[in-house]
Colleague: 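Here it is: the structure, laid out below.
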Amino acid sequence: MTTNTTIPTLDGAGTIPAYVAKPTGTPRGAIIVIQEIFGVNPGIEKKVNDWAAQGYLAVAHDVFWRQKPGIELDSDVPEQFQEAVGYMMKHDFDLGIQDVEAVIHWIRREAGVAKVGLVGFCMGGKVAYMAAARTDIDASVGYYGVGIDQMLNESHAIAKALLLHVPTADGFVPPEAQKAMHEGLDDNPHVTLYDYEGLDHGFAAEHGVRRNDEAAKLADKRTAEFFAQHLG
């Protein structure tokens with residue numbers, strides 16, 4: 001069952017719009033899905049629905065709600081791609097992590113699900129890393145996260161499992177950034193990095209020309225196994 005709801009912020013600044021999918025029966029855990037820069041579009045909704053079909057309570061909140069609620073953009077349309085980049089450039093990631101905390105609290109308090117994971121894509125991959133370092137999330141997964149190499153000074157705070165999918169030909173994460181990520185995280189017992197040789201950013205998108213079906217299915221299988229291990 002899918003619903004649209006709102007989640008109160010922790011500081012009383014407003015309510016966060018969210019797309020929620022509930023599984024049949026008691027959830028085995030909960031998964032927060034963090035959008036790419038294109039909003040909670042049909043591709044993100046499909047990911048939420050797929051997690052619910054696997055038995056999880058799944059939630060995708062509107063990351064850009066403070067700028068413009070309800071955007072849904074298509075990565076294959078150049079004008080919409082550039083519009084999405086504009087939203088990301090103006091996004092306050094520190095405030096965004098507070099919104100993630102609000103969603104975690106809502107899941108545990110209102111939905112009654114104790115174990116919470118998070119999976120994010122593109123800028124959501126960065127959010128996955130930040131959530132692992134700054135919140136009490138139980139497990140996090142990032143797909144082609146951008147800017148993680150600039151936040152390696154926070155890696156000491158990662159206390160729960162974090163999985164990162166890294167395409168080696170990512171146009172937004174150059175080789176030197178990937179090298180820094182490996183050097184900074186490979187020895188961290190809580191962190192696992194998987195490289196995807198020759199693949200570019202967005203290879204696991206549900207729709208559009210960026211998707212590489214074989215690699216997407218492999219990464220999604222690894223993610224499902226990871227959450228089964230750490231959430232139930």
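Here, residue 1 is the first one in the sequence, and each next residue gets the next number. Both backbone and side-chain heavy atoms feed into the values below; hydrogens, waters and symmetry mates do not. For clarity, every value in this text was computed on a predicted model and none was experimentally measured.
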Colleague: Could you give me the CA-CA distance, side-chain angles and deciding distance for L218 and Y196, then say whether side chain to side chain contact (heavy atoms under 4.5 Å, CB included) is met?
Modeller: CA-CA 10 Å; L218 173 61; Y196 297 81; 4.1 Å; yes
Colleague: By the definition side-chain contact (heavy atoms from CB on, under 4.5 Å), identify the one residue from V59, I32, L57, T223 that meets it with W51.
Modeller: T223
Colleague: Determine whether the aromatic ring centres of F172 and Y144 lie less than 6.0 Å apart.
Modeller: no
Colleague: When you look at H182 and D195, which way does the side chain to side chain donor-acceptor pair (under 3.5 Å) test go after all the steps?
Modeller: CA-CA 10 Å; H182 276 287; D195 289 330; 3.0 Å; yes
Colleague: Could you tell me whether D187 atom CG has more than 12 heavy atoms of other residues or ligands within 6.0 Å of it?
Modeller: no
Colleague: Are D170 and Q178 close enough, and set up right, to give a side chain to side chain contact (heavy atoms under 4.5 Å, CB included), and what steps lead you there?
Modeller: CA-CA 9 Å; D170 192 331; Q178 297 177 37; 4.2 Å; yes
Colleague: Decide yes or no on side chain to side chain contact (heavy atoms under 4.5 Å, CB included) for Q80 and S75, but give the supporting numbers first.
Modeller: CA-CA 7 Å; Q80 293 188 28; S75 62; over 6 Å; no
Colleague: May I ask you to decide if Y56's main-chain N or O and R28's side chain share a donor-acceptor pair within less than 3.5 Å?
Modeller: no
Colleague: Do you see a donor-acceptor pair shorter than 3.5 Å between the side chains of H230 and D138?
Modeller: no
Colleague: So does D62 pair up with K68, basic N to acidic O under 4.0 Å?
Modeller: no
Colleague: Hey, is the main chain of A133 close enough, under 3.5 Å, to the side chain of E154 for a donor-acceptor pair?
Modeller: no
Colleague: Between P23 and A52, which heavy-atom pair has the shortest distance, and what is it?
Modeller: CB-O, 3.4 Å
Colleague: Should W65 and V48 be regarded as members of a common hydrophobic cluster, given that ILVMFWY residues are connected when their side-chain heavy atoms come within less than 4.5 Å of each other, either directly or indirectly?
Modeller: no
Colleague: Measure the NE2-OG1 distance between H61 and T5 for me, rounded to the nearest 0.5 Å.
Modeller: 13.0 Å
Colleague: With a 6.0 Å cut-off on the ring centroids, do F81 and F38 count as close?
Modeller: yes
Colleague: Would I34 and V173 show up in the same hydrophobic cluster when neighbours are defined by side-chain heavy atoms closer than 4.5 Å?
Modeller: yes
Colleague: I need the Q82 CD to I37 CD1 distance, nearest 0.5 Å.
Modeller: 8.5 Å
Colleague: Enumerate the salt bridge (charged side-chain N to carboxylate O under 4.0 Å, His left out) contacts for residues 220-232, please, sequence neighbours excluded, ordered by first and then second residue.
Modeller: K221-E225
Colleague: For A216 versus A204, what's the shortest heavy-atom pair and its separation?
Modeller: CB-CA, 3.7 Å
Colleague: Would you call K179-D149 a salt bridge at under 4.0 Å N-O?
Modeller: no
Colleague: Indicate if V209 and V77 have the same hydrophobic cluster label, given that clusters are the connected sets of ILVMFWY residues with side-chain heavy-atom separations under 4.5 angstrom.
Modeller: no
Colleague: Quick one: pull up CE in M151 and CE in M181 and give me the separation to the nearest 0.5 Å.
Modeller: 12.0 Å
Colleague: Which heavy-atom pair separates A128 from L162 by the least distance, and what is that distance?
Modeller: O-CD1, 4.0 Å
Colleague: On a heavy-atom basis, which atom in A13 and which in T9 lie closest, and how many Å separate them?
Modeller: N-OG1, 2.8 Å
Colleague: Around atom CD of E176, are there more than 12 heavy atoms of other residues, nucleotides or ligands at under 6.0 Å?
Modeller: yes
Colleague: Linking I/L/V/M/F/W/Y whenever any side-chain heavy atoms sit under 4.5 Å apart, do I107 and I31 land together?
Modeller: no
Colleague: As an exercise, state the distance from OG1 of T2 to CD of E45, rounded to the nearest 0.5 Å.
Modeller: 8.0 Å
Colleague: Measure from the side-chain N and O atoms of Q35 to the backbone N and O of N41, and report whether any donor-acceptor pair falls under 3.5 Å.
Modeller: no
Colleague: How far does CD1 of I137 sit from CD1 of I158, to the nearest 0.5 angstrom?
Modeller: 13.0 Å
Colleague: Taking atom NZ of K22 as the centre, does the number of heavy atoms from other residues, nucleotides or ligands within less than 6.0 Å exceed 12?
Modeller: no
Colleague: Please name the pair of heavy atoms, one in H190 and one in A159, separated by the smallest distance, quoted to 0.1 Å.
Modeller: CE1-O, 3.4 Å
Colleague: Within this structure, what is the OG1-CD1 distance for the pair T15 and I7, rounded to the nearest 0.5 Å?
Modeller: 9.5 Å
Colleague: Say whether N49 and Y19, considering side chains only, have a donor N or O and an acceptor N or O under 3.5 Å apart.
Modeller: yes
Colleague: For the residue pair I97 and A131, what are the closest heavy atoms and their distance?
Modeller: CD1-N, 3.8 Å
Colleague: Is there side-chain contact between D94 and M130, with heavy atoms separated by less than 4.5 Å?
Modeller: yes
Colleague: Judged by atom type as modelled, is there a donor-acceptor pair below 3.5 Å linking the side chain of D200 to the main-chain atoms of G171?
Modeller: yes
Colleague: Might you work through the salt bridge (Lys or Arg N to Asp or Glu O under 4.0 Å) test for K47 and E36, ending with a clear yes or no?
Modeller: CA-CA 12 Å; K47 291 183 183 296; E36 293 185 274; over 6 Å; no
Colleague: Is the shortest distance from a Lys or Arg side-chain nitrogen in D99 or R66 to a carboxylate oxygen in the other one below 4.0 Å?
Modeller: yes
Colleague: Give the cluster check for M88 versus L95: same hydrophobic cluster or not, with ILVMFWY residues linked at side-chain heavy-atom distances below 4.5 Å.
Modeller: no
Colleague: Do D74 and H207 get their side chains close enough for a donor-acceptor pair, meaning under 3.5 Å?
Modeller: no
Colleague: Got a sec, which pairs hit ring-ring contact (aromatic ring centres under 6.0 Å, His included) with one end in residues 93-116, sequence neighbours left out?
Modeller: H91-F93
Colleague: After noting the C-alpha distance and the side-chain angles of V141 and H165, does the key distance pass the side chain to side chain contact (heavy atoms under 4.5 Å, CB included) rule?
Modeller: CA-CA 8 Å; V141 179; H165 299 294; 3.8 Å; yes
